[in-house]
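In what follows, a structure is listed as structure tokens, so that the remarks can point back to it.
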Amino acid sequence: MRGEDERSGELFSYVDLEARVRRDHPLRAIRTIVNEALSTLEREFAALYSPIGRPSIPPEKLLRAMLLQAFYSVRSERLLMERLEYDLLFRWFVGIGVDDAAWDHSVFSKNRDRLLAGNIAAMFLAAVLAQPKVKKLLSTDHFSVDGTLIEAWASMKSVKPKNSSSGDNSGNGPSEPPAESGGRNTEVDFRGQKRSNDTHASTTDPDARLYRKGQGKEAKLCFMGHGLMENRHGLLVDACLTVADGHAERVAALHMIEPHADRPQAITLGGDKAYDAEDFVNELRSMKVTPHIAQNTNGRRSAIDRRTTRHSGYVISQRIRKRIEEAFGWIKTVAGQQKTKFRGCDRVGWAFTFSAATYNLVRLPKLLAVSP
């Protein structure tokens with residue numbers, strides 16, 4: 001018998017949201033981990049809010065919504081709120097009812113900014129890794145480190161000469177007359193101009209720096225993100241962001257590995273050729289960290305000698321360290337951090353660290369399923 005093509009649904013529904021999400025959905029395992037991590041941050045959340053006034057959007061729901069934005073590559077808060085309006089899976093994960101109204105995108109962004117001002121992203125990453133079922137997956141002996149460029153939310157046209165007369169280093173140089181063609185996005189010819197971070201700065205994002213990835217590459221306004229990965233399952237155990245600088249990778253690596261090196265037994269740290277510097281290698285050895293760094297012999301002498309390369313563990317570290325590129329690839333493509341939507345080193349760093357925690361959450365359900 002052919003069914004009738006009825007265009008209107010039932011007025012009432014007696015099916016709970018919990019029943020509409022299949023039992024083996026990956027978000028179920030992720031939500032359990034997320035809720036346990038958020039429960040440990042109760043005091044940190046309370047410190048960010050005033051005890052009086054109207055209740056705002058709960059920070060737990062804000063963070064769950066931001067996780068969905070990264071999981072499903074939602075490119076804006078406006079589209080996220082639209083998806084939250086009609087997607088029952090999104091409502092179930094965030095924790096709002098079927099009849100509850102979704103937030104306005106501007107209200108969501110304003111409430112989210114309060115979280116950006118705190119160190120919540122790093123605390124959330126640590127809270128996820130501190131759970132007993134996750135902690136047993138992590139290696140405490142072998143790590144890898146690497147850095148990646150995050151393109152700034154600023155145009156090359158915003159790079160102006162610094163105001164040397166007033167000593168202003170914010171990038172607000174002397175005002176220029178408006179172009180004859182009019183409009184905001186005017187044509188600019190940079191040919192023949194010499195621009196460097198010492199003499200120029202972006203008026204849009206003064207924290208962004210001109211950086212060239214390699215010989216023959218163009219210079220871009222960007223930041224530098226850094227990640228520390230444990231070698232057993234390739235999970236990120238630490239992440240931070242700095243200004244783009246030639247020494248930033250090695251300085252950030254020392255900062256991230258130091259808490260893990262405070263133990264009597266030596267640990268290993270894998271890295272690419274950019275970390276093959278004598279000062280960096282000596283600093284690692286003084287911290288009881290064996291430097292499994294790729295040798296850079298291009299017209300120079302490597303700081304890594306036979307006392308390190310003769311061990312089979314060195315070859316293993318060099319093979320496994322490349323897995324950190326998988327994390328950076330996911331963070332930059334799926335989580336949308338290839339070109340950041342924030343300005344300022346602190347806010348961009350918050351988003352990068354939060355994306356690192358999001359990457360771990362994506363991988364944890366499968367790892368926990370096969371873990372004994």
Side-chain angles (χ1 to χ4, degrees), residues 125 129 134-149 211-217 224-240 242 244-331 356 359-360 363 366-367 370-372:
L125 173 61
L129 298 176
V134 177
K135 194 172 183 179
K136 67 180 182 179
L137 299 174
L138 307 178
S139 172
T140 58
D141 300 322
H142 308 290
F143 301 89
S144 296
V145 68
D146 203 359
T148 187
L149 294 180
Y211 194 85
R212 181 181 290 107
K213 190 173 183 179
Q215 292 294 336
K217 300 289 185 178
M224 186 169 287
H226 312 273
L228 181 67
M229 179 191 75
E230 55 84 29
N231 287 358
R232 181 180 297 168
H233 291 103
L235 296 174
L236 293 176
V237 296
D238 200 356
C240 65
T242 63
D245 182 79
H247 303 282
E249 284 189 300
R250 296 190 288 271
V251 174
L254 292 174
H255 173 74
M256 291 187 294
I257 197 62
E258 184 177 7
H260 302 275
D262 187 16
R263 50 179 300 177
Q265 183 180 354
I267 64 175
T268 66
L269 179 67
D272 57 25
K273 294 181 179 180
Y275 298 92
D276 187 5
E278 185 176 1
D279 293 342
F280 177 74
V281 171
N282 292 336
E283 187 69 24
L284 287 181
R285 285 174 174 154
S286 67
M287 298 165 57
K288 292 186 178 180
V289 178
T290 304
H292 285 181
I293 309 298
Q295 290 180 301
N296 185 4
T297 57
N298 186 14
R300 59 188 295 272
R301 182 178 179 180
S302 174
I304 305 297
D305 50 27
R306 282 284 301 166
R307 58 177 167 170
T308 300
T309 59
R310 62 188 175 91
H311 296 287
S312 59
Y314 176 81
V315 179
I316 297 174
S317 291
Q318 283 300 298
R319 185 180 71 249
I320 295 179
R321 69 167 179 83
K322 300 176 182 179
R323 294 186 61 185
I324 197 172
E325 297 293 346
E326 299 176 9
F328 288 157
W330 190 93
I331 289 172
Y359 170 77
N360 288 342
R363 301 201 55 235
K366 185 175 292 187
L367 293 176
V370 299
S371 177

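From a predicted model like this one, the values you see are computed outputs, not experimental measurements.
Residues satisfying the side chain to side chain donor-acceptor pair (under 3.5 Å) criterion with D146, sequence neighbours excluded, are absent altogether. Remark: K273 engages A294, N296 in a side-chain contact (heavy atoms from CB on, under 4.5 Å) (not counting sequence neighbours). Remark: D272 pairs with no residue by the salt bridge (Lys or Arg N to Asp or Glu O under 4.0 Å) rule, at least two apart or across chains. Looking at residues two or more places apart in sequence or on another chain, you find a salt bridge (Lys or Arg N to Asp or Glu O under 4.0 Å) between R263 and D141. Here Q318 pairs with R321 under the side chain to side chain donor-acceptor pair (under 3.5 Å) rule; sequence neighbours left out. Taking T268 as the reference, H142 meet the side chain to side chain donor-acceptor pair (under 3.5 Å) condition, with sequence neighbours excluded.
Of the listed residues (I267, L254, T290), just one forms a side-chain contact (heavy atoms from CB on, under 4.5 Å) with L284, and that residue is L254.
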ask   = Does the pair S139 and N231 meet the rule for a side chain to side chain donor-acceptor pair (under 3.5 Å), with working shown?
value = CA-CA 6 Å; S139 172; N231 287 358; over 6 Å; no
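Atom CD of E325 is surrounded by more than 12 heavy atoms from other residues, nucleotides or ligands within 6.0 Å.
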For a quick test of your reading: what N or O donor-acceptor pairs under 3.5 Å do the side chains of residues 307-316 make, sequence neighbours left out?
from, atom 1, to, atom 2, distance (Å)
R307, NE, D305, OD1, 3.2
R307, NE, D305, OD2, 3.2
T308, OG1, R285, NH2, 3.2
T309, OG1, D305, O, 3.4
H311, NE2, R307, O, 3.4
Y314, OH, I293, O, 2.7

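Two residues are said to be in side-chain contact when any heavy atoms from C-beta on lie closer than 4.5 Å; L367 and L235 meet this criterion. Residues K136 and L138 fail the side-chain proximity criterion, which asks for heavy atoms closer than 4.5 Å.
Residue pairs that meet the ring-ring contact (aromatic ring centres under 6.0 Å, His included) test with at least one member in residues 266-290, sequence neighbours left out, are Y275-F280. Applying the salt bridge (Lys or Arg N to Asp or Glu O under 4.0 Å) definition to pairs two or more places apart or across chains, none involves residues 230-240. Screening residues 250-262 for side chain to side chain donor-acceptor pair (under 3.5 Å), with sequence neighbours left out, gives H247-R250.
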